[in-house]
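Structure first, then comments.
One-based numbering, in listed order, for ligands and for the atoms of each. Owing to the predicted nature of the structure, the values given are computational and were not obtained by experimental measurement.
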Amino acid sequence: MRAVVDKDTCIGCELCVSICPGVFSMDGEGKSDATTDIPAEMEDDTREAGEQCPVDAIHVTE
Ligand code: SF4
């Protein structure tokens, strides 16, 4: 699984970080970053973060 954050779209609400802090973190510019190596046990939370992002900035591919 891979998750990519579209930083031009991200509004820095930090919701993805609160849902899945093991994968998402805030960068120095107030935008979310996703780790490239997503552990299997975090895949459900990663999908959830992608669904909950208010501006659809997280793109998850299986
Ligand atoms: S939930 Fe979406 S808008 Fe909010 S920080 Fe994460 S990627 Fe950005």
Side-chain angles (χ1 to χ4, degrees):
M1 171 182 279
R2 195 169 132 79
V4 176
V5 175
D6 177 353
K7 297 201 181 214
D8 291 333
T9 304
C10 173
I11 57 171
C13 71
E14 302 191 25
L15 182 62
C16 54
V17 181
S18 57
I19 292 171
C20 190
V23 169
F24 299 94
S25 59
M26 300 310 286
D27 69 13
E29 297 178 349
K31 307 282 186 169
S32 172
D33 251 339
T35 181
T36 49
D37 194 15
I38 298 174
E41 67 270 21
M42 293 181 187
E43 290 187 351
D44 284 348
D45 284 347
T46 301
R47 283 188 203 98
E48 176 74 14
E51 286 166 12
Q52 296 293 326
C53 174
V55 293
D56 251 350
I58 301 171
H59 303 287
V60 178
T61 49
E62 302 288 338

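A pairwise comparison of heavy atoms in Cys16 and Ile58 identifies CB-CD1, 3.7 Å as the closest pair. Minimum heavy-atom separation, Ile38 to Glu43: CG2-CG, 4.3 Å.
For the pair Met42 and Thr35, the minimum side-chain heavy-atom distance is 4.5 Å or more.
For the pair Arg47 and Glu51, the salt-bridge criterion is not met [side-chain N within less than 4.0 Å of a carboxylate O]. A salt bridge does not link Asp8 to Lys31: none of the charged nitrogens lies less than 4.0 Å from a carboxylate oxygen.
With hydrogens left out, the protein atom closest to atom 4 (Fe) of ligand 1 is Cys13 SG, 2.3 Å, a heavy atom. Of all protein heavy atoms, the one closest to atom 8 (Fe) of ligand 1 is Cys10 SG, 2.3 Å.
Atoms of ligand 1 lying under 4.0 Å from at least one heavy atom of Val55, given by number and element, are 3 (S). Atoms of ligand 1 found under 4.0 Å from any heavy atom of Cys16 (numbered from 1 in listed order, with element): 1 (S), 5 (S), 6 (Fe), 7 (S). Those atoms of ligand 1 with a heavy atom of Ile11 less than 4.0 angstrom away are 3 (S), 8 (Fe).
Under 4.0 Å from ligand 1, the heavy atoms of Ile58 that appear belong solely to its side chain. With a 4.0 Å heavy-atom cut-off, ligand 1 is reached by the backbone of Glu14 but not by any atom from C-beta on.
Backbone or side-chain N, O or S atoms of Cys53 do not reach atom 4 (Fe) of ligand 1 at under 2.8 Å.
Taking a 6.0 Å sphere around CG of Asp56, one finds it holds 12 or fewer heavy atoms contributed by other residues, nucleotides or ligands.
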